[in-house]
Amino acid sequence: MPFAATILTLFPEMFPGPLGLSLAGRALREGLWSLEARDIRAWATDRHRTVDDAPAGGGPGMVLKPDVLAAAIDASRHEGPRLLMSPRGTPLTQSLVRELAAGPGFLVVCGRFEGVDQRVIDGRELSEISIGDYVLSGGEPAAMVLLDAVVRLLPGVMGRPDSGHEESFEDGLLEHPHYTKPNLWEGAEIPEILLSGDHRAIARWKRRQREALTRARRPDLWRAYESGKI
Ligand code: SAH
């Protein structure tokens, strides 16, 4: 069974969107993964197809109704965990991406408005995942980020299975700089060592670059890397 993603959204027409192009899109057409975007509104029961209501206790915005969302979840046959994109969720990291990519798939709920009724989160055991400390207007772009990161790790999706190896975060460091031809461009040369053919020296150079970049830009990652080394 290929990796199966089920999306619950008020805007199913947003999918596959960018996931239908490039690497993920080719993999989708080749059947290496599957995507089903389901319209939460299809489970609305009243004449106006209402999916949201005013927050209990007052406050701005609207809240996705528990009955409608739960019905949408219950009607979805899906593989793997149930996720909810949410700014207060567990931060999405490469290790979480790896974990999800190793599984059978997932169902992901895209929130809108102020969010979803807490009772659905609890009652349907939704794991909240955040893509960063900023607020989007809806969960769809966040779900696309999550899927893009997961799909590229699925077997057969990336051209070269080893091209993920020295990437940012894979071993706790950011990536070294890249260069390609021409060797001289606008007066700037490719670092000589990269043209030397000395693979051990090149590996050392890359490692030093990665360490220096991580130390300068991400003290948090650097501290974790350093303490892991001891
Ligand atoms: N009132 C909420 C924000 C709601 S934003 C709060 O203050 O926490 C509307 C929807 O966008 C959310 O339900 C969620 O699904 C999605 N969303 C917004 N920011 C996100 C983020 N950083 N990561 C993941 N999903 C996000």
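All residue numbers in this chain count up from 1 along the given sequence. One-based numbering, in listed order, for ligands and for the atoms of each.
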As a quick check of understanding, evaluate side chain to side chain contact (heavy atoms under 4.5 Å, CB included) for D52 and E114, giving each step before the final call.
CA-CA 10 Å; D52 58 330; E114 286 305 316; over 6 Å; no
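- For the ligand labelled ligand 1, residue S137 lies inside the 4.0 Å heavy-atom shell.
- In this structure, the protein non-hydrogen atom closest to atom 23 (N) of ligand 1 is I131 N, 3.1 Å.
- Under the 30°/60° scheme for interplanar angles, the aromatic rings of W205 and Y179 are found to be tilted.
- One option in G139, P141, G89 has a heavy atom closer to atom 16 (C) of ligand 1 than any other, and that option is G139.
- Closest to atom 2 (C) of ligand 1, if we only count protein heavy atoms, is E114 O, 3.3 Å.
- For Y134, a nitrogen or oxygen atom sits less than 3.5 Å from a nitrogen or oxygen atom of ligand 1, counting backbone and side chain alike.
- Residue contact check: G115 has heavy atoms under 4.0 Å from atoms 13 (O) of ligand 1.
- D171 and R210 are joined by a salt bridge, as a carboxylate oxygen and a charged side-chain nitrogen come within less than 4.0 angstrom of each other.
- The shortest contact between atom 18 (C) of ligand 1 and any protein heavy atom is with L136 N, 3.2 Å.
- Summary of contacts: the protein heavy atom closest to atom 6 (C) of ligand 1 is P87 CG, 4.0 Å.
- Between H176 and H178, the two ring planes are perpendicular [angle over 60°; tilted spans 30° to 60°].
- Nearest protein neighbour of atom 25 (N) of ligand 1, counting heavy atoms only, is S86 N, 3.2 Å.
- Across every non-hydrogen atom of P12 and D39, the tightest pair is CG-CB, 3.7 Å.
- Proximity annotation for atom 12 (C) of ligand 1: of G111, P91, C110, G111 comes nearest, heavy atoms only.
- Applying the 4.0 Å criterion to heavy atoms of A142 picks out, from ligand 1, the atoms 24 (C), 25 (N).
- Closest to atom 15 (O) of ligand 1 among all protein heavy atoms lies M85 O, 2.6 Å.
- Here D117 pairs with R119 in a salt bridge; the nearest charged N to carboxylate O distance falls below 4.0 Å.
- Atoms of ligand 1 found under 4.0 Å from any heavy atom of F113 (numbered from 1 in listed order, with element): 4 (C), 5 (S), 9 (C).
- Using a cut-off of 4.0 Å between Lys/Arg side-chain N and Asp/Glu carboxylate O, R204 and D198 are scored as not salt-bridged.
- At a heavy-atom cutoff of 4.0 Å, ligand 1 is contacted by no atom of V109, backbone or side chain.
- With a 4.5 Å cut-off on side-chain heavy atoms, F113 and V51 count as touching.
- The distance from ligand 1 to the heavy atoms of I129 drops below 4.0 Å at these ligand atoms: 24 (C).
- In this structure, V97 and A149 approach most closely via the heavy-atom pair CG1-O, 3.3 Å.
- The nearest protein heavy atom to atom 8 (O) of ligand 1 is closer than 4.0 Å.
- Taking every heavy atom of V135 and a limit of under 4.0 angstrom, the matching atoms of ligand 1 come to 3 (C), 5 (S), 19 (N).
- The shortest heavy-atom contact between L19 and M144 is CD2-O, 3.9 Å.
- With rounding to the nearest 0.5 Å, the separation of CG in L221 from CD in E226 is 12.0 Å.
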